[in-house]
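A note on names: the letters A, B, ... follow the listed sequences, proteins ahead of strands, and every chain is numbered from 1. Values below: all heavy atoms of this structure, side chains included; hydrogens, waters and symmetry mates excluded.
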Protein chains: 2
Amino acid sequence: MKTQFTIGKLATATGVNIETIRYYERAGLIAPPARTDGNYRTYGEADITRLRFVKRTRDLGFTLEQVRALLGLSDQRERDCGTIDAMVIEHLAEVDRKIADLTALRRELADAVASCEGGTVAECRILETFSPTVGS
Amino acid sequence: MKTQFTIGKLATATGVNIETIRYYERAGLIAPPARTDGNYRTYGEADITRLRFVKRTRDLGFTLEQVRALLGLSDQRERDCGTIDAMVIEHLAEVDRKIADLTALRRELADAVASCEGGTVAECRILETFSPTVGS
DNA sequence: GCTTGACCCTGTAGCAGCTACAGGGTGCAG
DNA sequence: CTGCACCCTGTAGCTGCTACAGGGTCAAGC
């Protein structure tokens, strides 16, 4: 007989909140588990593995929909891994776009900060930086 | 008599969605404007300036709460601008943290992609990268 | 005078991805 | 048998919008 445990242990074993686990179940990321007589969810070792996979991919910034897709693909062991590869590459590109956006934004903020020479709000150049002037 | 116009013009003048303008009003970012006899909101030039400020600061990644604070501070013209300065610096630090997080994440994704040598899903090393092994 | 169409109004629901209850049941130790 | 930790369901809240439904307004054209 395998080791079985309730949702609290799964939560501490994976670092995923109990409410979040139930949410993932509703969202179709993890399968509805067996229940005890008292209607408690019971999990096994495989569930820890799967939930850790979910947590890891979420931490890496994949959306729930992408995680669902990755889980589905990872279950088809004999399939070519090209699709997975492509998904990760696309996500990498997305992350690169976000970094570029934030870097541009960072520069604007740094410029704003550099422009401030103290004094009153009326004199503050930061606010000018935030007030796009669009002609006379 | 000043130029007055309805919400549609304000939207096109600022590039902010009509629904979003009304949302900002509900959220207390912009004051409820005067109304016409037919209950239409009417705006003036000053509203364009203020809404552009909101849009710009939102684009720079400030939360609505921060924008509210910035607006409040910018109205106190005689006050020292140190508080504004501090807010922008804190936000800059926040952006730096996000860039750092994304950069770390980017590296992990790149490593995952590099580890893939094709073949079946069963052989794919990307999935191993996503499955944190924690013990025997 | 009447219709068409562009515009405006309010109120509510939806999105992601959780998180936080309320109001109950279960299970075990003392 | 009582207390407490744990679990259950269902629903509402968060941010920052966006998208309706179901109505009213207003100016132009015939």
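- Between B/Phe62 atom CZ and D/dC17 atom C1' there is a gap of 19 Å when expressed in whole angstrom units.
- Ion pair B/Asp101/A/Lys98 not flagged as a salt bridge, since none of the NZ, NE, NH1 or NH2 atoms sits closer than 4.0 Å to an Asp/Glu carboxylate oxygen.
- In summary, B/Glu25 and B/Arg22 do not engage in a salt bridge, as defined by a charged side-chain N under 4.0 Å from a carboxylate O.
- Residue B/Thr6 places no side-chain N or O under 4.0 Å from the OP1 or OP2 atom of C/dC7.
- The pair A/Glu90-A/Arg97 meets the salt-bridge criterion, since a charged nitrogen lies less than 4.0 angstrom from a carboxylate oxygen.
- As rounded to whole Å, 5 Å separates atom P of D/dC8 from atom CD1 of A/Ile7.
- Between B/Lys55 atom NZ and D/dC17 atom C1' there is a gap of 13 Å when expressed in whole angstrom units.
- Among C/dG17, D/dC8, D/dT18, the nucleotide with an atom closest to any side-chain atom of B/Asn17 is D/dT18.
- Without hydrogens or angle criteria, A/Gln66 side chain to A/Thr63 main chain gives a donor-acceptor distance under 3.5 Å.
- Applying a 4.0 Å cut-off to non-hydrogen atoms, the residues of residues 19-43 of chain A that approach DNA chain C are A/Glu19, A/Thr20, A/Tyr23, A/Tyr24, A/Gly38, A/Tyr40, listed by residue number.
- In this structure, the separation between CG on A/Leu60 and NZ on A/Lys55 is 10.5 Å, given to the nearest 0.5 Å.
- Between A/Asp111 and A/Arg107, no side-chain nitrogen of the basic residue sits less than 4.0 Å from a carboxylate oxygen of the acidic one, so the salt-bridge criterion is not met.
- The side chain of A/Thr63 approaches C/dG17 more closely than any other nucleotide in the set D/dC17, D/dC7, C/dG17.
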